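Inspection log for the structure reproduced underneath, given as structure tokens.
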Amino acid sequence: MLFTKLLIPTLKENPSEADVVSHKLLMRAGFIRKLTSGVYSYLPLGLMTLRKIERIVREEMNAAGAQEVLLPMVQPADLWAESGRLQKYGPELLRFKDRHGRESCLGPTHEEVITDLVRNNIHSYRGLPVNLYQIQTKFRDEIRPRFGLMRGREFIMKDAYSFDATEAGADAAYEAMNKAYHQIFSRCGLQFRAVEADTGTIGGSFSHEFMVLADTGEDTIVICRQCSYAANLEKAACSAAPLSERREEKPLSKIETPGKRKVDAVCDFLKIAPQNLLKTMVYIADGRPVAVLLRGDHEVQTVKLKNMLGANEVELASDQECFDATGVPTGYLGPIGLKIPVVADLTVTTMQNFTTGANEKNFHYLNANLGRDFTVEKTADLRMITTTDHCPLCGGELELPRGIEVGHIFKLGTAYSEALNAKFLDSNGQEQPFIMGCYGIGVSRVMAAAIEQNHDKDGIVFPLPIAPFQVIILNLGFTDDAITTAATDLYQSLREKGIDTLLDDRDERPGSKFKDADLLGIPFRVTIGKRFSADGIVEIRDRKHGEITEVPFAEAREMLTKMLTEAII
RNA sequence: CGGGAUGUGGCUCAGUCUGGUAGAGCACUUGCUUCGGGAGUAAGGGGUCGGAGGUUCGAAUCCUCUCAUCCCGACCA
């Protein structure tokens, strides 16, 4: 394509609204423009990269035996009521009424629609297994969209759904997707890890997230330095170091701790380590208060708590809610004599003679002990893992790098098929619910994640497979017909070879062309200018390494073809 | 939803505290010079300062309300 024929509105300065590097560069390089919060237009270059990612996704999905469909974005609320998610999904589901007053919503995901489609059209095990996917715009009314394409409200997603007759078949479908995802993200040129994940609102029994490693990622993941263990924070299992020896339980005593509310303040005041303090956090779980006990230096992992309680919504109580529930000001709460349900993190069972709030303003207890002084309803792993923890598989050291979630695969089981009464007849003529799996890729997010991972001070450094163009030719001799002719000839011959080439034919000074070429991140840049006039030489520069290869004009095409082939392998 | 910040030509910002009728740089148009890492020069076009109301002789500037955007938190297939 010709630069002058494309809408590529590059910016010299970072837009004030952008904070993360992918957002800044996508705006500056003219890939996207914002319409409103969390909603973006894709300009020609942005769309080209998107299409390249989609193409890789399609090829791998098709190779894995999935079939492409396209499902509606506007969905009847009734269908969501059937699965129970009309209530459960919350305000993220954008709801509206049509002119007849029918309740509708914009699809944030498509389990309901696909299950409805399959239940109406597949009635026998003979029609199984089947895996259907689509690439489509999704809408989720996020509480807080941010970081450009990283967390938009409207975004492009590939979602696939598998339907199987047997558990073994469902496992195979999951494994096929797991493989396809590894292929897809590798082909996109990304550094990523698949991590064990919590199943969240979608429900189901087993899941992995595909995380692109980048410091600016919104999520923290847990990776073992020794073995292959990888999980996200919600899932990462914390073990409680067993008691080395049981010490003698000392008598409980109460001590005045005037104005000492925070863990640090109490510890300083009493000259104890936070490991010897038990802290009590009050949460509101589906409207009811619950006290959560933790060691002083630990933090609650809300998702673990939610799962333990089997609650839909769990939120830290405000100071007021806390006082209303317990009659004690926050800072002096403790389990002894507390009137609300109490649950504890596993580590608490290994603590002895610890300090804790006395449920009385300005007082704490010393030498409290679980069992003797109070009991709890349940104990479970409820805390956030840290780098001082050890790998639950091999005991090795852990790392907690940041990541961007670009894909997620779930084994759903029969949660949706049962809710929506989607059944088939098995070979014995028995009715069975479909066993399902669902598999998502944030296509537009992949573009942002790729940039987070591949950029430098001059701009984007695209991995070749997803760059909008493979080669950019700079015509630096705008007034020189020989140069212009050479640039145009090379451009034509590369295009004939099927190489995606952009010819910078603008009447701009060289400096601007160099800057823009760097900003756009096109992997190979061919400069035709002075050196061509003097010696018939053109320069090929590798965007990533900055290496310059000088070749005679006549050999440029062959050299580029060779470099592109090598770069792909 | 809680906390913080910002809205002034297309973009980045100054001017607001201390009211006096709108500026700079970039971008854009035209001419001349220039042409290998975001040129120089001259002449131009474009904004009633997010919106509404109020105070005042006079409001970008002060007051009230409102809308939008961004950041932190909670949240998140």
Side-chain angles (χ1 to χ4, degrees), chain A residues 9-20 23-24 27-28 30 33-39 85 89-93 107-111 138 140-148 150-153 155 157-161 197-204 207-210 218-219 232-234 283-284 300 302-303 306 313-320 405-412 416 437-442 445 458-459 474-480 483 506-519 525 527-534 538-539 541 546 548:
Chain A
T10 59
L11 305 172
K12 281 189 186 175
E13 287 171 287
N14 283 319
S16 58
E17 68 189 29
D19 203 51
V20 297
H23 190 192
K24 287 178 185 170
M27 292 288 295
R28 284 191 53 204
R33 284 294 183 265
K34 184 180 73 176
L35 180 62
T36 182
S37 179
V39 179
R85 284 208 296 184
Y89 211 93
E92 223 176 283
L93 181 66
T109 174
H110 286 237
E111 282 80 7
K138 294 282 188 283
R140 292 183 189 176
D141 203 357
E142 295 279 352
I143 303 173
R144 186 177 155 215
R146 55 181 144 181
F147 303 152
M150 296 260 272
R151 178 168 298 281
R153 295 150 81 207
F155 58 99
M157 181 171 181
K158 187 282 306 180
D159 47 326
Y161 306 89
D198 184 74
T199 47
T201 10
I202 285 282
S207 111
H208 282 87
E209 286 174 349
F210 288 77
E218 285 188 271
D219 300 299
N232 69 12
L233 278 183
E234 289 87 45
Y283 279 78
I284 307 291
V300 175
T302 320
V303 174
K306 198 193 266 187
E313 221 168 298
V314 169
E315 210 180 350
L316 186 62
S318 65
D319 286 357
Q320 187 59 48
E405 182 188 346
V406 290
H408 203 154
I409 59 178
F410 287 87
K411 197 179 158 197
L412 287 175
Y416 287 92
C438 77
Y439 318 93
I441 290 179
R445 189 185 277 182
D458 295 316
L474 303 190
N475 172 0
L476 294 193
F478 208 74
T479 53
D480 182 331
I483 290 176
R506 293 176 300 169
D507 182 9
E508 287 288 339
R509 296 165 59 84
S512 302
K513 296 193 177 192
F514 287 133
K515 289 287 183 190
D516 276 341
D518 287 346
L519 181 60
R525 182 186 85 193
T527 306
I528 306 183
K530 267 184 184 167
R531 295 279 285 127
F532 175 76
S533 304
V538 302
E539 297 163 8
R541 182 167 175 273
I548 293 176

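Convention: sequence-line order gives letters A, B, ...; per-chain numbering from 1. On a predicted model such as this, the values are computed, not experimentally measured, just so you know.
No contact: Arg33(A) has no heavy atom under 4.0 Å from any strand. Glu405(A) comes within 4.0 angstrom of the backbone, heavy atoms only, and of no base. Note on Asp159(A): nothing from the nucleic acid sits closer than 4.0 angstrom, heavy atoms only. Here Pro9(A) lies out of heavy-atom contact (under 4.0 Å) with every strand. If you check every strand for non-hydrogen atoms under 4.0 Å, Phe210(A) touches nothing. Across all strands shown, Arg445(A) has no heavy atoms under 4.0 Å from either base or sugar-phosphate atoms. Within the 4.0 angstrom heavy-atom criterion, no nucleotide atom of any strand lies near Glu234(A). Lys513(A) comes within 4.0 angstrom of nothing in the nucleic acid, heavy atoms only.
Of the C1' atoms belonging to rG51(B) and rC76(B), the separation is 33 Å, rounded to the nearest Å. For the C1' atoms, the distance linking rC49(B) with rU8(B) amounts to 4 Å, nearest Å.
Counted by atom type alone, Ser207(A) and Glu209(A) present zero donor-acceptor pairs between their side chains at under 3.5 Å.
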Protein proximity profile, nucleotides 26-35 of chain B - base contact B, sugar-phosphate-only contact S, no contact -, cut-off 4.0 Å on heavy atoms: SS------BB
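Partners of Arg509(A) according to the side chain to side chain contact (heavy atoms under 4.5 Å, CB included) rule, which considers only residues two or more places apart in sequence or in another chain, do not exist here. Qualifying ring pair (Phe, Tyr, Trp, His ring centres under 6.0 Å) partners for Phe210(A), counting only residues two or more places apart in sequence or in other chains: Tyr181(A), His182(A), Phe185(A). Remark: His23(A) engages Tyr40(A) in a ring pair (Phe, Tyr, Trp, His ring centres under 6.0 Å) (not counting sequence neighbours). Here Phe155(A) pairs with Lys138(A), Arg140(A), Met157(A), Ser444(A) under the side chain to side chain contact (heavy atoms under 4.5 Å, CB included) rule; sequence neighbours left out. Under the side chain to side chain contact (heavy atoms under 4.5 Å, CB included) criterion, Ile143(A) pairs with no residue at all, not counting sequence neighbours.
Between Thr527(A) and the phosphate of rG36(B), there is no side-chain N or O to OP1/OP2 separation shorter than 4.0 Å. A sub-4.0 Å separation between OP1 or OP2 of rC75(B) and a side-chain N or O of Arg151(A) is absent. Phosphate contact (OP1/OP2 of rG73(B), side-chain N/O of Arg146(A), threshold under 4.0 Å): present. For rG37(B), the OP1/OP2 oxygens have no side-chain nitrogen or oxygen of Ser512(A) closer than 4.0 Å. In this model, the phosphate group of rC76(B) is approached by a side-chain N or O of Lys306(A) to a distance below 4.0 Å at OP1 or OP2.
Across every strand in view, rA59(B) sits unpaired, with no contact that passes the Watson-Crick or G-U test at under 3.5 angstrom.
Of the candidate nucleotides rC70(B), rC76(B), rC75(B), rC76(B) has the atom nearest to the side chain of Asp219(A).
At whole-Å resolution of the value, CZ in Arg506(A) and P in rG37(B) are 15 Å apart.
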